[in-house]
Number of protein chains: 2
Amino acid sequence: MSNPEDSPVRESPVPMSECGAALAIEQVPDRWTWLILREMLYGVSRFADIQADIGIPKSVLSGRLAQIVENGLAKKKAYRDGSSRTRHAYVLTQKGRELAPVILALMQWGDKHIKNGESALELTDKRSGNPVKIGIVPKGGALPLRWLHFAPARQDNEGKS
Amino acid sequence: MSNPEDSPVRESPVPMSECGAALAIEQVPDRWTWLILREMLYGVSRFADIQADIGIPKSVLSGRLAQIVENGLAKKKAYRDGSSRTRHAYVLTQKGRELAPVILALMQWGDKHIKNGESALELTDKRSGNPVKIGIVPKGGALPLRWLHFAPARQDNEGKS
DNA sequence: AGAGCAGAGTTCAAATGTCAAACCCAGAAG
DNA sequence: CTTCTGGGTTTGACATTTGAACTCTGCTCT
């Protein structure tokens, strides 16, 4: 016999199809996509710039960008840079911008565990100027994304006591 | 003329080799690795269980697990489940466990943008029982990972006022 | 002790994805 | 109307992924 159905559906606490994380991963499925979003978060928006920064082959970049746009994480907009020719920029949508905590959490993790604590980016509260980080907060206690400001950290320590 | 140098070194604010995020992505480079870590976060630790939950081919799973162990995100330990035969468990190391905020931030994002707000997992502060989330906090204001507790959310709303 | 079985993993061919370099195309400058 | 350049697509060699079949090991049952 050995009915294949007899085990009590031992399964992850949250099945894939209902897990926000699993669904999110579908939209950011690989290394390149993460790196592209990181660039956009930094404000880099042009095809050639992204390509140069992260070293992605053009063919792959155009595919990934299409997929990112299709998922609504960014949109492509033509713009006119002064007297120059029409250019395209890929800019994050609200949905895409809200991935910032994920990317920044990843960055914090990398800074801590791979770079032994030195971080290349300094996160601050845009209003108070105080340093911030990504972490666990009582619900309602998080600062809104709007207030987040980031700038390359300086080697020497800023007036932190 | 249009000197190609006239833009002020347009480059990602933080070059790849110094960016914690980019380095972190090297250690969690693909979809499967994320899903495996998600499983481990949930406490699923056995090869066959992970395989069944996320639907990964065995060959790929064994490769990814090796890589995860090599990167120090998890370690493999044999254990004896009561009278049963020896089994192996892959359990997160401290380094791996500290990816929790990343994965949970991803989950929050997925819940919000893909599942339209209904989350399958409820995060709480283990001591107070109050709900928590991942977000931007003044430095030093985050709750320690130890205090984080998560359980499958119930459909009906918990006594939130 | 010997047979069987389950978990964990390896091997293999076919399908798919990646890379780098070459090619294309539209619009602005000349 | 030619050239240049940003933003691609195509090409073909190479690498990885998949899924099915196979192996190995060490319990468990008789």
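Just so it is clear: chains get the letters A, B, ... in the order the sequence lines come, proteins before strands, and each one is counted from 1. Predicted, not measured: the structure shown is a model, and the values here were computed from it.
The hydrophobic cluster containing Val137(A) also includes Val137(B), under a criterion of side-chain heavy atoms closer than 4.5 Å among ILVMFWY residues, counted directly or through chains of members.
Between Phe47(B) atom CZ and dA8(C) atom P there is a gap of 7 Å when expressed in whole angstrom units. Atom CD1 in Ile54(A) sits about 16 Å away from atom C1' in dA20(C), given to the nearest Å. The CG-P distance, from Asp49(B) to dG9(C), rounds to 13 Å in whole Å. At whole-Å resolution of the value, CD in Gln51(A) and C1' in dT5(D) are 13 Å apart. His88(B) has its NE2 atom 9 Å from the C1' atom of dT25(D), to the nearest Å. Taking atom CD1 of residue Ile68(A) and atom C1' of nucleotide dG7(D), one finds them 16 Å apart after rounding to whole Å. Here the P atom of nucleotide dG17(C) and the CD atom of Gln67(A) are 10 Å apart, to the nearest Å. Note: CZ (Arg46(A)) to P (dG7(D)) measures 6 Å, nearest angstrom.
You'll find the side chain of Leu35(B) reaches within 4.5 Å of the side chain of Met16(A), heavy atoms only. For the pair Pro29(A)/Gln67(A), a side-chain contact is recorded, criterion being any heavy-atom separation below 4.5 Å from C-beta on. Within the 4.5 Å cutoff, the side chain of Val132(B) has no heavy atoms near those of the Lys139(A) side chain.
Remark: Trp32(B) pairs with no residue by the ring-ring contact (aromatic ring centres under 6.0 Å, His included) rule, at least two apart or across chains. Residues satisfying the salt bridge (charged side-chain N to carboxylate O under 4.0 Å, His left out) test with Asp30(A), not counting sequence neighbours, are Arg64(A). Taking Glu18(B) as the reference, nothing meets the salt bridge (charged side-chain N to carboxylate O under 4.0 Å, His left out) condition, with sequence neighbours excluded.
Applying the 4.0 Å criterion to OP1 and OP2 of dG27(C), one finds that Thr86(A) has every side-chain N and O outside that range. Phosphate contact (OP1/OP2 of dG7(C), side-chain N/O of Tyr90(B), threshold under 4.0 Å): absent.
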Between the protein and nucleotides 17-23 of chain D, which nitrogen or oxygen pairs come in under 3.5 angstrom?
unit_1	atom_1	unit_2	atom_2	d
dT17(D)	OP1	Arg64(B)	NH2	2.8
dT18(D)	OP1	Trp32(B)	NE1	3.0
dT18(D)	OP2	Trp32(B)	NE1	3.0
dG19(D)	O6	Ser59(B)	OG	3.4

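Out of dG7(D), dG8(D), dG9(C), the shortest distance to the side chain of Lys76(A) is found at dG8(D). Of the candidates dG9(C), dG6(D), dG8(D), dG6(D) carries the atom nearest the Arg87(A) side chain, counting heavy atoms from C-beta on.
Hydrophobic cluster membership differs between Val91(A) and Phe150(A), with clusters built from Ile, Leu, Val, Met, Phe, Trp and Tyr side chains linked at under 4.5 angstrom.
Rounded to 10 degrees, the angle separating the terminal helix axes of the helix from dA1(C)-dT30(D) to dG30(C)-dC1(D), each built from five base pairs, is 20°.
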Derivation of the side-chain contact (heavy atoms from CB on, under 4.5 Å) call for Gln27(B) and Lys95(B) | CA-CA 11 Å; Gln27(B) 308 223 344; Lys95(B) 180 177 174 187; 3.2 Å; yes
